[in-house]
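A short worksheet on the structure shown next.
Residue numbers begin at 1 in each chain, while the letters A, B, ... track the order of the sequences.
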Amino acid sequence: MSSERYDFSAIEKKWQKRWFADRTYEPDLTGAEKPFYNLMMFPYPSAEGLHVGNMYAFTGADIYGRKKRMEGYDVFEPIGLDGFGIHSENYALKIGAHPMKQAKISETRFYEQLSAIGNGFAWEEKLETYDPKYYRWTQWVFVQLWKHGLAYRKKQAVNWCPSCKTVLADEQVIAGKCERCGSEAEMKNLEQWFFRITKYVDRLLANLEKIDWSERVKIAQRNWIGKSEGALIKFSIFNSPFSIDVFTTRPDTLYGATYVVLAPEHPLVATLPIKNRAEVEQYVKAAARKSEADRIAEGREKTGAELKGVKAINPANKEEIPIFIADYVLATYGTGAIMAVPAHDERDRDFARAFDLPVSDAPLVDGRKVVKEVGGKWETNFRLRDWLISRQRYWGVPIPMIFCEACAAAGKGEQKGMPGWYAVPEEELPVELPYVEDFRPKGKGESPLASAPEFYRAKCPGCGADARRETDVSDTFLDSAWYYLRYPSTRSVRGEQIPWDPAITKKWFPVNLYTGGAEHSVLHLLYVRFIAMVFHDLGFLHFEEPFPKFRAHGLLISEGAKMSKSKGNVVNPDEYISKYGADVLRMYLMFLAPFEQGGDFRDASIQGIVRFLERVWRIFQNGSVGERDPLMRTLHRTIKKVTSDIEAFQYNTAISALMILANEMETAGSSEDVREAFLKLLAPFAPHLAEELWERMGHTTSIHREKWPLYDEALVHEDTFPLVVQVNGRRRATIEATRGIMKHEAEELARADEKVGRALAEGEVKTVVYVKDRLINFVMKSI
RNA sequence: GCCCAGGUGGCGGAAUGGUAUACGCGCAGGACUCAAAAUCCUGUGGCCGCAAGGUCUUGUGGGUUCGAGUCCCACCCUGGGCACCA
């Protein structure tokens, strides 16, 4: 018996090096016969390094991919860095570094860490979003949207983060706060670039029914899209040519509408002949100053102002009713005006109470009929708004647009309604982000690039006159909205001339499995679907849903709370990898709870996995027992369980099954066959150890390219089963019985049991329920 | 307020409507050791009992069923998401 120690550190380093040199995880991108694209959300290297939560996510995805590879698929598991954008820039600001230099440092660090976790990454196809070779195509994506009328510029009230000093998309404002830094977002009226995601709203919603995604993520997208069906009803204004269109989902309450409310920003406010103009304008101004957060902080007490001198007419009962403006009505939803029904709507009731308005007790009517009677029109509204792309920051993809004063004055331009604006010609891409010493956000609604004349000076692509480049950069979520399309084409010869190679794309898409965090439900996962639909419609992609199967992993918490630096409970994987090894950490993370559930990281129980892998090591140090094998049935049961558990992302129970098998191998001994099969089952979870023991068994090729074991259904069960005998549903005995016995045989066996006999003697048997190969239940008459 | 997910031993968790508590952690006792660590063995939900055994137990209360952690109804609690969207 050898007593060689399990030197995980040497073993893991050895195999990581060998796999890389042997290109073990590099599929043949052009010739693969059974492509399987196993994609995981790439990390943003914003902080000190990889988070144990990243490792949790990557390991879970990798296990699935490793099994697929062993099932004969050509698995492609790429990795990269989402290193452009506010998160990386904020980190650079915090540590006083320049983001362009810091990116290189973070890159080295992240790639080192990502190498150490033992995933089957296809390193040759890695990409970084801040690489001009990559963002050249991000700009190209922008240009395509522009050319097809899906990118436009518009002045409107937008979210502004006073700390990040930039505008934000609606999706990046969480409960009134900036998604990145947590500052309260303000509203500002600014001219910005938008993507017309709302054009795709119907498909974004309808396709959710067709894709296999974690249900909670689908629900989040549905809520965010916020479809509601209702009616558009016209309220004319007494003695006036004007009228107000309102949107309501409850036309059946029309008789109870006792006043009308406009959003403070509603255009009619300026037009109507209002008597108390000064008072109204004061309210409009006050409302404009308020941030979302302010409004929430006020406890939603209703404020507003009556528009004196005008009255609206309820089209149902022809009554004259007052008109108000109030900030509880949003300018950006519906028509920016509502009919108020204080009897049926809580918000209207609150407002009516604050302003002492009468509440009507008019009964409900048939909504369909009343809409017809008053000449209303059925309409569907969505809460989803267009995607705000501009950011007044430095560290991002420059928006590839040029504005020409001369053309604007002459009304010339590339797109209707956008005089003076031209896309940078595609052959001139990328518009490279220049190194700028003072990259800090300025807070004046302009990017730092607006202070760099050598950057913004350009010639107009239309007329050749001196013109000015757009100086804002694009939202980071644009970088990640198409990255998955680039991976397989990064090394393609044609990848120099086109963003994604059509032949390779046809072969590898759509992505077979996408794994990532649920926190991106309405951010990344919505944008990426939108961009895919656009390129599908433009004929560049053969699919419109990029990820037919998506699984959200659970959240890994620590000490009962979400890991965060301020709480000081962030777990760094490095120390665990150096102390226990990547295989132990991988298995520990996967063992603590179901993958889709997440769990609490406690190092106390990591010892169980340490013991397990050391036991496995020990088993393989001892010789095998030869041909006759007592473990065949346990083995086949384990193969079945591990196979189906991996498919269902239930890695915790798969590991438990492996433990049971290993325990039996240690006590009963195991043959070569059992050992080989065991190592294969272990390989996705502990790839280094499995590979090492595989080699020591005399194999010269990688276990990760071996065939996944198959089970024999006939061997999954024992010949006997424990027959549970119940009397009135209470267990009285357990008898070893032959599988497949008939009811009368089981009954005979059961009656022969002394305790059962005693229980049956107490009454008369009414019925006997027999569940094959499981239990028999005597139901007594007395009950 | 609305929408999800969940509530099971001291802890993480396991259970196609069919032996609740698999697997692991922890704990207790034992073996090995001069000793410790490591390892191995045994035990480990509560209550009653010397024991055999009995009995109760999956957030609470009802229901369906021969049989409910699992299905139905009501409620309580925790975590997450959305939130003045008409």
Can you find a donor-acceptor N/O pair under 3.5 angstrom joining the side chain of [X] to the base of [N]?
X         : N      : value
Arg774(A) : U16(B) : yes
Asn777(A) : C66(B) : yes
Lys302(A) : C84(B) : yes

To the nearest angstrom, how far is Glu596(A) atom CD from G79(B) atom P?
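Roughly 22 Å, once rounded to whole Å.
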Nearest listed nucleotide, side chain of [X], among [options]:
X         : options                : result
Gln726(A) : G18(B), C84(B), G13(B) : G18(B)
Leu592(A) : C25(B), C23(B), G12(B) : G12(B)
Val329(A) : A86(B), C82(B), A22(B) : A86(B)

Classify the nucleic acid contact of [X] as base, sugar-phosphate or nothing, counting any heavy atom under 4.0 Å across all strands shown.
X         : value
Ser605(A) : sugar-phosphate
Arg732(A) : sugar-phosphate
Leu555(A) : nothing
Asn663(A) : sugar-phosphate
Arg730(A) : sugar-phosphate

By nearest heavy atom, map Ile219(A) and Met339(A) onto RNA chain B; which one lands nearer the 5' end?
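Its nearest nucleotide lies further toward 5', so the answer is Ile219(A).
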Relative to the 5' end of RNA chain B, which residue comes earlier, Ala220(A) or Gly226(A), by the nucleotide with the nearest heavy atom?
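The residue mapped nearer the 5' terminus is Ala220(A).
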Short question: side chain of Asn314(A), backbone of Leu254(A) - any donor-acceptor pair under 3.5 Å?
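Pair found, side chain donor or acceptor close to backbone of Leu254(A).
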Respond yes when some side-chain nitrogen or oxygen of Arg611(A) is under 4.0 Å from OP1 or OP2 of U39(B), and no when none is.
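Indeed, a polar side-chain atom of Arg611(A) lies that close.
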side-chain N/O Ser228(A) vs A86(B) OP1/OP2, d < 4.0 Å
yes
Tell me, yes or no, whether the heavy-atom count around Lys199(A) atom NZ, taken from other residues, nucleotides or ligands under 6.0 Å, exceeds 12.
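Count not over threshold, so no.
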If you count every heavy atom of other residues, nucleotides or ligands that lies below 6.0 Å from Glu736(A) atom CD, does the total exceed 12?
yes
Regarding Thr653(A) and Asp645(A), do their side chains bring together a donor and an acceptor under 3.5 Å, going by distance alone?
yes
Please determine which of Phe351(A), Phe235(A), Phe355(A) meets the ring pair (Phe, Tyr, Trp, His ring centres under 6.0 Å) test together with Tyr259(A).
Phe351(A)
